[in-house]
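Below is one structure, written out as structure tokens; comments come after it.
What you see below is based on every heavy atom in this structure, not just the backbone, and it leaves out hydrogens, waters and symmetry mates. Protein chains get the first letters and strands the later ones, always in sequence-line order, with residue 1 at the start of each.
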Amino acid sequence: MSYPIELIRHSLAHVMAAAVKKLHPDVKFAGGPAIENGFYYDFDTDYRFSEEDFEKIEREMRELIKSNGRFEQRIVDLDEAKQIFADQPYKMEWLNEYDAAGEKLSIYTFRDFTDLCRGPHVESSKDLPRDGFKIRNVAGAYWKGDSKNKMLQRIYVDAFENKEALDAFLKQQEEAALRDHRKLGKEMDLFHFEPEYAPGAVFWHDKGYKVYRRLIDYMRARQERAGYIEVCTPAVMDRVLWETSGHWEKYGAHNYSGKTEDDRMFCIKPMNCPGGVLIYRSVLRSYRDLPLRMAEFGKVNRYEASGSLMGIMRVREFTQDDAHIFCTPEQMESECIDTLKLILDIYKQFGFNEVKIYLSTRPEKRIGSDEIWDLCEKSLANALNAHGYEFTINPGEGAFYGPKLEFILRDAIGREWQCGTIQVDMNLPERFDISYIGEDGEKHRPVMLHRALFGSIERFMGILIENQSGNLPLWLSPEPVVVVPISEKYREYAESVVADLRAAGVYCRADLRDEKVNYKVRELSLAKTPIIAVVGEKESADKTVTLRKLGIEKQETVALSDFIAQMKDAIKLPL
RNA sequence: GCCAGUUUAGCUCAGCUGGUAGAGCAUCUGAUUUGUAAUCAGAGGGUCGUUGGUUCAAGUCCGACAACUGGCACCA
């Protein structure tokens, strides 16, 4: 009989727990769910699992599976459960919680491993694949996901219905690793890091910075079209601003700050919001000014935990395509809808059609009244529902000042990254006491929406590189064309081609090195150059270029003037 | 920040059980003047992440610190 893969994975988790119990009888069990591509199980023991244990555990699992052990369920009462799990503190904690919640206490026994578990499971281990799983790694994980708790050892396993599916997955993961933006960033000469001098901060090379600027150009054009204005606020401001905003209390430790000669405490901005608020506040605003959509490509610095840094995806200095929309409460919902549409439209432009959306709601530690939270959460949900967008509610994950929508993209190996976001904020307007004069001549408090579409230019570019395997579209490519003369006899013509292209606004260069065409084609291809224009005797005589496009062996010779016209068009922003 | 692993030339990596470092590519020099994924030859280049310790002797063993990688936690 065949079972859903989740059931197989979850049952394999029990098998692994049984195997680990056999090898390390003193181990304490926490829990082990099925996850995407496999399962894990959390253990607590003084023994430190390492790669050398993987094979032993796998072998033991195979033995157990071969034994055709049954998965037997029983419903027990609290007393019996307490006896069964007397030496299992983590299970004791669960069963007390389940009992308090009035749940039935279900236990499953597989061989000599009994687990507190709702199930369901396969009937017998003969329903499980003997070679469809492979231990991936061991990692630390806090009990109940809380960093105040003890750290357990989590063993991750890739698991599929059979060996073929597992091998296919492993191969796909291997291929995905080749698209890692850190690897491609090096190969394409986009950026590098200096861990000694600036851990978690990007050094943009010429080519990387061209892409970066191009992304901003594109976003700027989209925003201007959507009725935004753009501002620029100081990088260093008095700490009082963050105290006023309420962020110092919560995030002070993650800020870069320092005292100046005159004993003032300054702070390198970790976010752009207060700057925008100060511009809003610099003049008296009328209801006629709203909605005021104020964008800023603001570079922010946050001292992120060392363990959270990852390539250009999570860094300590990054640029947000930030904007603050000041509006009336009545305008809030339609502004959310417009922003939502803008985000998804732009993502589509980059080939991201499957965007996961989270609605993160009020956290425990928050400010603002429940009525305000009700209103804000409802506005976001309404915006989503109005257009039939599917979303997942993330309870308690909102910012302390308001709920947020998060737009999630995946990297090459499937990890989720929050990119775009729309957040409602009824806190800052109050704290900074901003207002507008209404139709009635009275002062009113505007609502503030924070939104970022790329989120961080760095992260978005990282995702983009991985998703496109470095093959950026012509308009984004830092070097859409490289001209390669066959020999030094044709240098002059190559240089004139470059000059003509540049005159037409197409960035390009000639590769004049004393190397064979083969060599240059190989090297330029590895650097993901979209178009190689080869010129030799024929081309210089006919005023043509022979084009080789990335990944395509077939070449075509076209008139230089036609090529320039084509390129001029191809590198335009896709608006 | 926490758990585990890793750190050797610009890059990718080798260096077994301790006896003062190697390869390929890149760079430089020379030859070659090249027609679509690596032309040939020679040369230079490393206080082996930093810092303590063990030892007659440390890239190799032990400790601390840092960075990076994979997770966890965090993510205004």
Considering only the [atom1] atoms, how many Å lie between [N] and [M], rounded to the nearest integer?
N	M	atom1	value
rU54(B)	rC62(B)	C1'	7 Å
rG22(B)	rU69(B)	P	31 Å
rU20(B)	rU55(B)	C1'	15 Å
rA9(B)	rU47(B)	C1'	13 Å
rG15(B)	rA58(B)	C1'	14 Å
rG5(B)	rC74(B)	P	24 Å
rG35(B)	rU29(B)	P	24 Å
rG1(B)	rU60(B)	C1'	31 Å

Query raised in the report: Between the side chains of T233(A) and K269(A), does any donor sit under 3.5 Å from an acceptor?
Result: yes
Report task. Assess the side chains of E416(A) and Y358(A): does a donor N or O sit below 3.5 Å from an acceptor N or O? Result ->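 Yes, Y358(A) and E416(A) have a side-chain donor paired with an acceptor closer than 3.5 Å.
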Would you kindly check whether a donor in the side chain of [X] faces an acceptor in the base of [N], or vice versa, at under 3.5 angstrom?
X	N	answer
R316(A)	rC75(B)	no
E488(A)	rU33(B)	yes
E539(A)	rG35(B)	yes
Y490(A)	rG35(B)	no

N or O in side chain of [X] less than 4.0 angstrom from [N] OP1/OP2:
X	N	value
Y156(A)	rC72(B)	yes
R302(A)	rA76(B)	no
S306(A)	rG1(B)	yes
R415(A)	rG70(B)	yes
R314(A)	rA73(B)	no
N518(A)	rA37(B)	yes
K186(A)	rU12(B)	yes

Check the orientation of [X] and [Y]. Use parallel for under 30°, tilted for 30 to 60°, and perpendicular for over 60°.
X	Y	result
Y401(A)	H247(A)	tilted
F160(A)	F169(A)	tilted
F400(A)	Y251(A)	tilted

Checking contacts here: which listed nucleotide ([options]) is nearest the side-chain heavy atoms of [X]?
X	options	result
S147(A)	rG71(B), rC75(B), rA73(B)	rA73(B)
A305(A)	rA76(B), rA73(B), rU36(B)	rA73(B)
R548(A)	rG70(B), rA37(B), rG35(B)	rA37(B)
M151(A)	rA76(B), rA67(B), rC3(B)	rC3(B)
M310(A)	rC72(B), rG70(B), rC75(B)	rG70(B)
M271(A)	rA37(B), rA76(B), rC68(B)	rA76(B)
Y251(A)	rA76(B), rG71(B), rU33(B)	rA76(B)
V534(A)	rU36(B), rA76(B), rG70(B)	rU36(B)
Y142(A)	rU39(B), rC2(B), rG35(B)	rC2(B)
P195(A)	rC75(B), rC68(B), rG71(B)	rC68(B)

Considering only NZ, NE, NH1 and NH2 on the basic side and carboxylate oxygens on the acidic side, decide whether [X] and [Y] come within less than 4.0 Å.
X	Y	value
R179(A)	E175(A)	no
D146(A)	K144(A)	no
E495(A)	R491(A)	no

Send over the distance from [X] [atom1] to [N] [atom2], rounded to a whole Å.
X	N	atom1	atom2	answer
K549(A)	rU36(B)	NZ	P	19 Å
D146(A)	rC74(B)	CG	P	8 Å
L309(A)	rG1(B)	CG	C1'	11 Å
I531(A)	rA37(B)	CD1	P	17 Å
D42(A)	rC72(B)	CG	C1'	9 Å
E397(A)	rC74(B)	CD	P	7 Å
D542(A)	rG35(B)	CG	C1'	15 Å
I135(A)	rA4(B)	CD1	P	18 Å

Query raised in the report: Of I486(A) and L152(A), whose closest RNA chain B nucleotide lies nearer the 5' terminus?
Result: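 So the residue in question is L152(A).
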Report task. Find which nucleotide of RNA chain B each of N255(A) and E196(A) is nearest to by heavy atoms, and output the residue with the more 5' nucleotide. Result ->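 That would be E196(A).
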Query - Chi angles and distances behind the side chain to side chain donor-acceptor pair (under 3.5 Å) call for D53(A), Y47(A) - result: CA-CA 11 Å; D53(A) 298 299; Y47(A) 180 80; 2.5 Å; yes
What does the list of N/O pairs under 3.5 Å between the protein and nucleotides 26-28 of chain B look like, with a distance for each?
from, atom 1, to, atom 2, distance (Å)
rA26(B), OP1, Y519(A), OH, 2.8

Touch check for [X], heavy atoms < 4.0 angstrom, all strands: base, sugar-phosphate only, or nothing?
X	result
K404(A)	sugar-phosphate
S245(A)	nothing
Y40(A)	nothing

Query - Cation-pi geometry met for R316(A) and Y303(A) (6.0 Å, 45°) - result: yes
Requested in this report: Could you tell me which nucleotide pairs with rG42(B) by Watson-Crick or G-U wobble geometry, both distances under 3.5 Å, or answer none if nothing does?
Outcome: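 Looking at the geometry, rG42(B) pairs with rC28(B).
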Query - Residue among Y212(A), F318(A), F193(A), Y209(A) satisfying ring pair (Phe, Tyr, Trp, His ring centres under 6.0 Å) with W204(A) - result: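 Exactly one candidate clears the test, Y212(A).
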